[in-house]
Structures are given as structure tokens and as C-alpha cells.
Amino acid sequence: MPTQEEKEQDEILVREMKAGRMEAFDKIFELYQRKIYALSFNMTRNQMDAQDVTQEVLLTIYRKIDTFQGKSAFSSWVYRITLNATYMKLRTKKKEQYVSLDEGLPNFNHAGFQNEKVSDWSKSTDSLLFSNETKGVIEKAVALLPEKEKVVFMLRDVEGLSTEKVGDILDLTIPAVKSRLHRARLFLRKRLSNYFDEYKTRSSKK
Amino acid sequence: MICCKECIDLLCDYFEGTLSPDTAASLEDHFKDCPPCVSFLETYRQTSDICRKTLSAVEIPEPVQIKLREFVKNHIQSP
Ligand SMILES: [Zn+2]
């Protein structure tokens, strides 16, 4: 999450860039290249696409800095450009088969109470929670999220931005951000639960 | 007592700390008597945590870093 200090630093850099100082751009490049690349890579899971997007965004920052009004934070502007470039990449690809997010909810009885056992895998060892297999399950599950939910999840939970900031970047209300985030988390939780349950059965048979 | 469904609907707000004190209290009351919801809550929270730790570790691979520096040099610093 950007601190007040980072925000002020950004403002100074933007002013210097508008005044034509190349060192300011170099600094912005250093500060933002990983953020741009990581967000784009997590959305596309493709190194070449993420590289293209990063180049495009750097060029846009350089060319369009004069159109940046400073109404929202510079970082929000950069995230927006990054997402637009990423969406363009995704448009050219075959549409993925997105799933229905309803499957994230547990089974309730007519009174709204859960009527099945919920396994708690949250205290599993780190060697299981962060195994390569688990990583693969997470990546696959995230790839199945519809774009709207995926982008909110990436910005809020992966990048760690505040709910307000995500709303600012995506031009969404706070309740809209939270409802998308919640649906994404429910879906991913369900996928992970299925995997850990299956893992447990698998290892007890050994 | 609120039901499990309501409980799960409120989880996101619960973690954001934006529930009214009354609602938060009735949620916590529910958790006292409902082990499935506690498991749900713990795994919901852990889902966010492990996804963050797993996905935020993305670094720019060395060959891409070289390409990006070249790109900036050729198209921006001396276009
Ligand atoms: Zn319950």
C-alpha cells in the first residue's frame, strides 16, 4: 500500500518528468517495472505478454504524462494503464471457459445452516501450504476466475492495496469491490478445500 | 441467532472491520456454537494469505529485465 511518503515522492517525480528530466523517468521505471510486470503476469500467466504490456505501459507513461491530471494518485493511473494494456492482450486470446462462481458456497439446509462437515486445512504445515503442487492448484483456480473478480482479487489480496484504492483504480464502489472480492475468495477457498481433502485421502491410503 | 449463510455473507466485511459492533458481536456468537463456520472462516482467511504469498512472489526474469532496459534505452531515452 502506498504510504503518504511514496505518494509525495511520486508527485515530485511526475512534476520533474513533465519538466523533461529524464532521471525522473528512470526512477519511475525502477519503482514501477516490477509492479506492472507482476500484475500483468498474474493476469495473463504469460511471460511474453507481461513483457509486452510492461513495455507498452512504460511508453505510455513517458508519452502521456502530460495528460495525467493528478486527480487520483499516480500509482492508480499506472495500474489503470497496466490493466487496459493487459485486457487488450487477453482480448486477442481464445476466451477461457470461466466457471460459475456459485460453486464457492457450502451447502445450506432450508434454514440457512451448513449441513456438512467443513474441513479446516488452514493449520497445515508450510511444506504443504506452499508446495509446488499447491501453487499449481492456486494458479489453475485463479485462471478460472472471471476477469472482473480476478482483477479485484489481484489488486486487493495479491498486491495488498486497500479496498478504497481498488475502487479508485477500477472506478467501482466499495460494496462492489467487496462483493467481487468475496466471490473470488469463496471460489478459491472451495477449490483449495477440494484439493486438500483429496490430498488427505490420497496420503491416508499410502 | 444468525444463520450460517448470513455469517458467510458477512465474512469479507468482518475482516475489513467494517461491520457494526452489534453485527460483529452476533457473528462472534455464532462462531462460538458453530464449528463448521469456524473452519470456514479459518480457511477463508488462509486462502487470501497463501494466494498472496504464492502469487506476489513474481519477479521479472533476468532475460526480461535485459529486454526492458534495452527497450527503455532505444524507445524512450534516445528515441
Ligand atoms: Zn455456522
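So you know, we letter chains A, B, ... as the sequences are listed, proteins then strands, and number each from 1. Worth saying up front: this structure is predicted, and the values here are computed from it rather than measured.
In this structure, CG on A/Leu186 lies 7.5 Å from CG on B/Leu11, to the nearest 0.5 angstrom. Put simply, OG on A/Ser193 and CD on B/Gln46 are 11.0 Å apart, with the number rounded to the nearest 0.5 Å. With values rounded to the nearest 0.5 angstrom, A/Lys135 atom NZ is found 12.0 Å from B/Cys51 atom SG. B/Tyr44 OH to A/Leu192 CG: the interatomic distance, rounded to the nearest 0.5 Å, is 13.5 Å.
Of the atoms belonging to A/Met48, not a single heavy atom falls under 4.5 Å from chain B. In this structure, no portion of A/Ser124 lies under 4.5 Å from any heavy atom of chain B. For A/Leu39, no part sits under 4.5 Å from any heavy atom of chain B, backbone or side chain. Both the backbone and the side chain of A/Leu129 come within contact range of chain B, each with at least one heavy atom under 4.5 Å from a heavy atom of that chain. If you measure heavy-atom distances from A/Asn42 to chain B, the contacts under 4.5 Å come from the side chain alone. When heavy atoms are compared at a cutoff of 4.5 Å, A/Arg183 does not approach chain B at all. Heavy atoms closer than 4.5 Å to chain A are found nowhere in B/Cys7, neither backbone nor side chain. Within the 4.5 angstrom heavy-atom criterion, only backbone atoms of B/Ile2 (N, CA, C, O) approach chain A. At a 4.5 Å heavy-atom cutoff, the contact between A/Ala111 and chain B is made by backbone atoms alone. When heavy atoms are compared at a cutoff of 4.5 Å, A/Asn109 does not approach chain B at all.
Residues meeting the salt bridge (Lys or Arg N to Asp or Glu O under 4.0 Å) test with B/Glu42, sequence neighbours left out: A/Lys123, B/Arg45.
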Walk me through whether A/His182 and B/Phe15 qualify under ring pair (Phe, Tyr, Trp, His ring centres under 6.0 Å). CA-CA 11 Å; A/His182 186 56; B/Phe15 285 121; 9.8 Å; no
Start with the C-alpha gap between A/Met22 and B/Ile76, add the side-chain angles, then the distance that decides, and say whether side-chain contact (heavy atoms from CB on, under 4.5 Å) holds. CA-CA 9 Å; A/Met22 211 49 220; B/Ile76 297 175; 3.4 Å; yes
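Scanning residues 166-179 of chain A against chain B with a 4.5 Å non-hydrogen threshold yields A/Lys178, sorted by number.
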Ignoring hydrogens and angles, write down the donor-acceptor pairs under 3.5 Å from the side chains of residues 53-67 of chain B, residues two or more places apart or on other chains.
unit_1, atom_1, unit_2, atom_2, d
B/Thr54, OG1, B/Ile50, O, 2.7
B/Ser56, OG, B/Arg52, O, 2.7
B/Gln65, NE2, B/Ile60, O, 3.0

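Sorted by first and then second residue, the pairs that involve residues 110-134 of chain A and meet ring-ring contact (aromatic ring centres under 6.0 Å, His included), not counting sequence neighbours, are A/Trp121-A/Phe196.
Counting only heavy atoms from C-beta outward, the side chains of A/Lys117 and B/Pro36 never approach each other to under 4.5 Å. Side-chain contact between B/Val72 and A/Tyr62: absent, with no pair of heavy atoms (C-beta onward) separated by less than 4.5 Å.
For A/Arg63, the CZ atom sits in a loose shell: 12 or fewer heavy atoms of surrounding residues, nucleotides or ligands are nearer than 6.0 Å.
Using a distance-only test at 3.5 Å, with no hydrogens or angles considered, no donor-acceptor pair links the side chain of B/His75 to the main chain of A/Gln55.
Using modelled atom types, one finds a donor on one side chain and an acceptor on the other under 3.5 Å when comparing B/Thr43 with A/Arg189.
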